[in-house]
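Here is the naming used below: chain letters follow the sequence lines, and residue numbers restart at 1 for every chain.
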Number of protein chains: 2
Amino acid sequence: MILDVAVRLFSAKGFDGTTISEIAEQAGLPKANVYYYFPTKAVIYERLVSEVLADWDIALRRIDAELPPREALFNYVSDKLEFSRVHGEKSRFFAGELLRGGKFLTRRQKRHVQTVTREACAVVQNWVDQGKCNPINPRHLFIMLWSTTQFYADFAPMATTTLEVSQLRRADFAEAANQIIAMLGLWRD
Amino acid sequence: MILDVAVRLFSAKGFDGTTISEIAEQAGLPKANVYYYFPTKAVIYERLVSEVLADWDIALRRIDAELPPREALFNYVSDKLEFSRVHGEKSRFFAGELLRGGKFLTRRQKRHVQTVTREACAVVQNWVDQGKCNPINPRHLFIMLWSTTQFYADFAPMATTTLEVSQLRRADFAEAANQIIAMLGLWRD
DNA sequence: GTCTATATTCCGATAGAC
DNA sequence: GTCTATCGGAATATAGAC
């Protein structure tokens, strides 16, 4: 409960903008009780970083090497968008951490991300080698997929402005998945 | 000078994490002098939001409708990446503002972004109508281009981890531009 | 315009009763 | 484990001399 409240507040106000008092208040506890469970504000934050990294991990491992590239990436992009839609706070929380330089990320965590990314890139490289898609650098492909899928949740004010809607709905995220896959075949020549 | 220091600090530490004392210190002034030029911290922040929006504007208007789509978008993407590379603090500052819900953006500013975006989308829609590229929704295309080009500066810790480099260099940004354009022609079938 | 000193508020963290 | 009360420090903003 404390962690649920915390991720929402951290994502909306950042580390320094979030106070233990407000976390306690929204969790229906006196401030001292929060300190009973967590020694410092930073420890709460670190716990949340670990949680989000685990989610990230699971999504990347799910890319199906057996499917044709278009279907495999459509599934991945759809899952990522759905996660962003349902867990917008988590997505924004992690984006905020990266934006501030990733100071709370341990070397161990970065190495882990590197390993998982490398495996996912190998799958794409195989597709390229087998002539199933045009040659590109898989690392840059994943950067494109991550950034685009997260944009809708992380930078929602710009997404709604661009799409000229008052609020992003389920259908907007579904449309985004289709469009992302379509744009990977933009060129006609 | 105050504004230069402020954008760097805001981008690294966020609104609440940035103190007037530190702005003053890094600008080589006593704290009271900052208050002589700006009544509150929020006013400094708002001035910076306006400045960054002006840059955003200029880049979008520069898309050349006369060029073939591939060249026009390559130029746009290259310019955006170069801006992110050279003015990383501005890029991160604005990303932070959007991440926190865009509370400092006025309705007027949003409407302006909408107008400029609509014009850029019209250029792309013309390409589609003339059969110069495959049919996609231009709004989602710009979301993809914005998010991807900004990722390298905004989420640098993840970009370096993914690319397995210790620091992003000029060449990495140049390579990103080429890869983004290449990935818009990923599908072979 | 520039600076020192300070008022005021609020936050992170703790002490200690129950 | 739960709560009230409070300490120590730091931040925004201002007062007022030069």
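Residue Glu25(A) contributes atom CD, which lies 10 Å from atom P of dC11(C) at whole-angstrom precision. Distance Ile20(A) CD1 to dA13(C) P: 6 Å, rounded to the nearest Å. Rounded to an integer number of Å, the gap from Lys13(A) NZ to dG12(C) C1' is 16 Å. If you take CZ of Phe38(A) and C1' of dT14(C), they are 18 Å apart, rounded to a whole angstrom. Protein atom OH of Tyr35(A) is 17 Å distant from nucleotide atom C1' of dG16(C), rounded to whole Å. Rounded to an integer number of Å, the gap from Tyr45(A) OH to dG12(C) C1' is 17 Å.
Among Asp55(A), Asp57(A), Asp79(A), the single residue meeting the salt bridge (charged side-chain N to carboxylate O under 4.0 Å, His left out) criterion with Arg62(A) is Asp79(A).
For an aromatic pair to be called close, the ring centres must be under 6.0 Å apart, and Tyr152(A) with His140(B) satisfies this.
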I'd like a table of atom pairs between the protein and nucleotides 1-5 of chain C - only N or O on both sides, under 3.5 Å - with the distance next to each one.
| unit_1 | atom_1 | unit_2 | atom_2 | d |
| --- | --- | --- | --- | --- |
| dG1(C) | OP1 | Tyr36(B) | OH | 3.1 |
| dT2(C) | OP2 | Tyr37(B) | OH | 2.7 |
| dC3(C) | OP2 | Asn33(B) | ND2 | 2.9 |

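Annotation: side-chain contact (heavy atoms from CB on, under 4.5 Å) contacts of Thr40(B) (sequence neighbours excluded): Ala42(B), Val43(B).
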When the side chains of residues 141-149 of chain A are checked against the rest of the protein, which donor-acceptor pairs come out under 3.5 Å, sequence neighbours left out?
| unit_1 | atom_1 | unit_2 | atom_2 | d |
| --- | --- | --- | --- | --- |
| Trp146(A) | NE1 | Tyr76(A) | OH | 2.8 |
| Ser147(A) | OG | Ile143(A) | O | 2.9 |
| Ser147(A) | OG | Met144(A) | O | 3.1 |
| Ser147(A) | OG | Thr148(B) | OG1 | 3.4 |
| Thr148(A) | OG1 | Met144(A) | O | 2.8 |
| Thr148(A) | OG1 | Ser147(B) | OG | 3.4 |
| Thr149(A) | OG1 | Leu145(A) | O | 2.7 |
| Thr149(A) | OG1 | Trp146(A) | O | 3.1 |

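Interatomic distance, Phe15(B) CZ to Glu97(B) CD, rounded to the nearest 0.5 Å: 10.0 Å. With rounding to the nearest 0.5 angstrom, the OG atom of Ser91(A) is 8.5 Å from the CG atom of Leu99(B).
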